[in-house]
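Below: one structure, written as structure tokens.
Values in this document were obtained by computation on a predicted structure and should not be read as measured data. For this chain, numbers begin at 1 and follow the sequence in order.
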Amino acid sequence: MEIEKVGKVTLDFSCYGGSDLYSDGDVEDKLLSLAKECKKTTGQQIVERELVWPVLYHFSPIRENIVRFLPIKEQADVLEIGSGCGAITGILSKMAGSVTCIDLSKKRSLVNAYRHEEEENITIYVGNFMDVEQALPKLYDVITLIGVFEYGQGYIGGKTPYHDFLKIIKRHLKPDGQIWLAIENKFGMKYWAGCSEDHYGTYFSGIEDYPETGTARTFSRDALLKIAKECGLRANMVYYPYPDYKLPSELFSDEYLPEPGQLKQNQRNFDRDRMLMFDEGKAFDMVIREGKFPEYSNSFLFVLEQEEQHKMEKVIYAKLSNDRDEKFHIQTLIFEENGTKKVVKKPDSAAAVSHVAAFEKYYGQLSAQYEGSCFEMNRCHMEQGAAVFEYIDGKSLEETADGYLTGGEKERAAGLLLDVAEKLHGADSIPFENGSRFAEVFGNIDTSAIEGKPCGACADVDLILPNILVCGSRWVIIDYEWTFDFPIPTSFIVYRLLRYYIKSTALRQQLDLEELCEKAGIEPKELGCYERMEEAFQNYIDGSHISLRELYDTMGKRVVDARDCCRRELLSMQVFYDRGAGCSEKDSYRIPSTHSEAEFDLAVPIPPGVKMVRLDPMDEAGIVMIHVLRFKNKEKAVKYNTNGRKLFDQVLVFEKEDPMLLIPCEGEKELQVRLRVEKMSTETLRILAAMEAKKASAQNEKGLFGKKRSLRK
């Protein structure tokens, strides 16, 4: 049959040749099996269970972020070219009136159909684009090329395949329609810094202009704009998805570029190992200051059109906060129309409606609390279920502090932080007392160290430097999403402000967190409580959701620091999961040391069903110094078994290869690990063993002699 149905989805095989001309092998059978679960299991739940890159790539809802913020008419007709396994199809079907998909692979199209079988506005054409496009029944408002244009040579062939591709697509576009084209930048910062090219897995291929022969190639920004222009298309908008277009959390534009210090998610290599040639964050800061960021963005999203349109406001910036608990899924958008900007925060799920609706209330409460101070709240009102804020054009306190540090004015930067801390305490009015609403957010932690601490009537716990803009004499707080109307110590807000500034970049770590906390009046006994509060707060935001950051800790591939390679061989720790049948290489992953001194500081997620975690700190004999080994939200160190010997308290010596620690963990969710590893020569280990044996012998003799003396008494 040429027409088939999977649920409410229509598949058209009239142009299908009878066999798939490309395939990723057996993994596609697995994807099809998983797609059939989507009626009762979400894509995110499947990702969290499977913990492998192909599933993350095809099923993660974060993939949808590349288009979900774009304005589109509710009844729009969309043509999705290269729809694959349907990573984008689902969100398009919710945004538009109809979605027509084209894909060469029958198996991938079946994956797409099964995962979206409840959507009745999807039609999938299976076959070669050149055959299918001739049979398309209508013109389209939007045509998408998400990770597809680079394959133009394979789709079209000939001497000018990319020009021809766009010209053919343009024939199917309504006069006022748009083409949404997402693609890697061959000059992307991550490729200079040591990530391999996405399509070939080779290093520096795009930078070297693809010396290998192949059917895929990416382009620079200017090259893509030139091709579009020569095809009679203009760019309505050029977006710069970050970290890239595959799993974006933010999208910048020429009208709203990132600030120095803003790009911090640079190690997200889920697909394969990478080198690290330099600090990407510092390099991004440099190109941002030099006005060159658009040339080095890792990816692009082009909104192309045939004629200039002024029918709707332009989104010049988007932040998609859907990598957390569903009740906190929101979009933060900056719109511009005729030179006027506004900020809109809208719910990105039905569960988040009440979360956004509370922003107007927080505006009133915080305005009253800080009345008469230097702080001013960014005005907020509700429109059609979204919170609308005034766009404030000012310099953030974070940027100011960074400027001091860059200029060598460390004390001035520290003084600014302490000044903010002092001003925050000006709103104290009531003493802290633990209660049920506090426990709802921060858990049942011991708060005896902070009882009676000064609090405001309400608390914006995310009052951090990038959220405070200086506008003349005013300090405007632009984001107060995480406000609570019950007492929280002001010193916790100060702790977070200091912590998130100092810990976020290498530049800022010249400041000492504990020293500044002390100067800000935070007692040492409070710090432990605030650390536990911060852990609990992050758990509250994430809920049962496992974030990309946590997934990277489990699934991320090796990062080999080229600078370390010049000095020493990189060490790595191997983590095994025992689900009741013992440990195996298939259920393990490696984590490189955090820097050349072979230190590991990480959180090991514990998936459901895991009964024991095995840590192999290194592959060779040596010494392991354990600083932290405890389950999340637990005070005591864990109990473990090991094939090493305890040399001193929390110092283990391993005289043979394959050191290991076996940690029972049933019912736990996360293991926190901080330890240091040192390789030792066999001779050194023998000497240590001999010293330990001699010490033990002496203690035994002393103990026996003491017994004899006591018996004599």
Side-chain angles (χ1 to χ4, degrees), residues 1-4 9-24 28 67 77-89 92 96 98-113 122-175 177-184 198-200 210 213-219 223-224 226-233 302 304-306:
M1 292 180 61
E2 291 189 343
I3 303 295
E4 292 184 13
V9 175
T10 300
L11 292 109
D12 188 317
F13 293 102
S14 57
C15 295
Y16 181 57
S19 62
D20 289 351
L21 300 181
Y22 75 93
S23 171
D24 284 340
E28 293 188 356
V67 299
D77 295 314
V78 175
L79 174 63
E80 184 186 9
I81 300 174
S83 49
C85 294
I88 311 298
T89 308
L92 291 174
S98 73
V99 182
T100 301
C101 303
I102 303 176
D103 199 83
L104 193 60
S105 165
K106 177 180 179 179
K107 189 168 288 185
R108 290 189 175 208
S109 296
L110 286 170
V111 173
N112 190 355
I122 298 173
T123 299
I124 304 173
Y125 286 87
V126 183
N128 187 290
F129 169 75
M130 293 296 284
D131 297 327
V132 173
E133 67 94 12
Q134 298 177 46
L136 291 172
K138 56 187 172 184
L139 299 180
Y140 296 90
D141 297 284
V142 172
I143 300 176
T144 70
L145 296 165
I146 311 298
V148 171
F149 188 66
E150 58 265 39
Y151 295 104
Q153 177 68 52
Y155 272 103
I156 308 300
K159 293 183 178 180
T160 56
Y162 302 100
H163 289 75
D164 295 341
F165 198 6
L166 277 184
K167 288 176 182 177
I168 294 169
I169 290 167
K170 186 179 160 186
R171 293 203 302 255
H172 301 280
L173 193 65
K174 290 181 182 179
Q178 294 181 335
I179 298 171
W180 297 349
L181 189 161
I183 190 171
E184 298 89 349
D198 298 63
H199 309 91
Y200 301 110
Y210 296 99
T213 57
T215 58
R217 68 178 295 122
T218 59
F219 303 87
L224 279 165
K226 184 173 183 289
I227 292 171
K229 183 178 180 181
E230 290 168 351
C231 294
L233 295 164
F302 289 83
L304 303 175
E305 60 190 19
Q306 300 182 77

- Item | Ile122 and Cys101: CA distance, side-chain angles, deciding distance, side chain to side chain contact (heavy atoms under 4.5 Å, CB included) verdict | CA-CA 7 Å; Ile122 298 173; Cys101 303; 4.2 Å; yes
- Message: Within the 4.5 Å heavy-atom criterion, are Arg217 and Gln153 side-chain neighbours or not?
- Response: no
- Task: Please tell me if the side chains of Ile88 and Thr144 come closer than 4.5 Å, counting only heavy atoms from C-beta onward.
- Result: no
- Query: Roughly how far, to the nearest 0.5 Å, is CD of Glu80 from CD1 of Ile146?
  - Reply: 7.5 Å
- Task: Measure the shortest side-chain to side-chain distance between Phe149 and Ile179 over non-hydrogen atoms and say whether it is less than 4.5 angstrom.
- Result: no
- Message: Does any part of the side chain of Leu104, heavy atoms only, come nearer than 4.5 Å to the side chain of Asn128, both counted from C-beta?
- Response: yes
- Query: Among all residues two or more places apart in sequence or in another chain, which pass the side-chain contact (heavy atoms from CB on, under 4.5 Å) test with Ala223?
  - Reply: Phe219, Ser220
- Note on the structure: In this structure, CG of Asp12 is separated from OG1 of Thr100 (nearest 0.5 Å) by 10.5 Å
- Message: Working to the nearest 0.5 angstrom, can you tell me the gap between Leu166 CG and Leu145 CG?
- Response: 7.0 Å
- Between Asp20 and Arg108, does at least one N-O distance fall below 4.0 Å, as a salt bridge requires? no
- Query: Where is the tightest heavy-atom contact between Glu28 and Ser105, given as atom of each residue plus distance?
  - Reply: OE1-OG, 4.3 Å
- Query: Considering all heavy atoms of both residues, which atom of Arg171 and which atom of Leu139 are nearest to each other, and what is their separation?
  - Reply: O-CD2, 3.4 Å
- Message: Testing the basics here: between Asp103 and Ser83, what is the closest heavy-atom pair and its distance to 0.1 Å?
- Response: OD1-N, 3.4 Å
- Closest heavy-atom contact between Val148 and Ile81? CG2-O, 3.2 Å
- Query: Do Tyr210 and Thr218 have side-chain atoms, one donor and one acceptor, less than 3.5 Å apart?
  - Reply: yes
- Closest non-hydrogen contact found for Gln134 with Met130 is NE2-O, 2.9 Å
- Message: Walk me through whether Leu233 and Phe302 qualify under side chain to side chain contact (heavy atoms under 4.5 Å, CB included).
- Response: CA-CA 11 Å; Leu233 295 164; Phe302 289 83; over 6 Å; no
- CD1-CD1 distance between Ile169 and Ile143, expressed to the nearest 0.5 angstrom: 6.5 Å
- Mind checking the CD1-NE2 spacing from Ile168 to His163? Nearest 0.5 Å is all I need. 13.0 Å
- Which atom pair, heavy atoms only, marks the closest approach of Glu150 to Ala182? OE1-O, 4.4 Å
- Message: In the structure I gave you, are the side-chain heavy atoms of Lys106 and Leu11 within less than 4.5 Å of one another anywhere?
- Response: no
- Task: Nearest 0.5 Å please: distance from the CG atom of Leu173 over to the CD atom of Gln306.
- Result: 5.0 Å
- Message: Is it the case that the side chain of Asp141 and the backbone of Asp77 share a donor-acceptor pair, with hydrogens and angles ignored and the cut-off at 3.5 Å?
- Response: yes
- Message: Against Ile156, only a single residue in Phe165, Tyr162, Tyr151 fulfils side chain to side chain contact (heavy atoms under 4.5 Å, CB included); can you say which?
- Response: Phe165
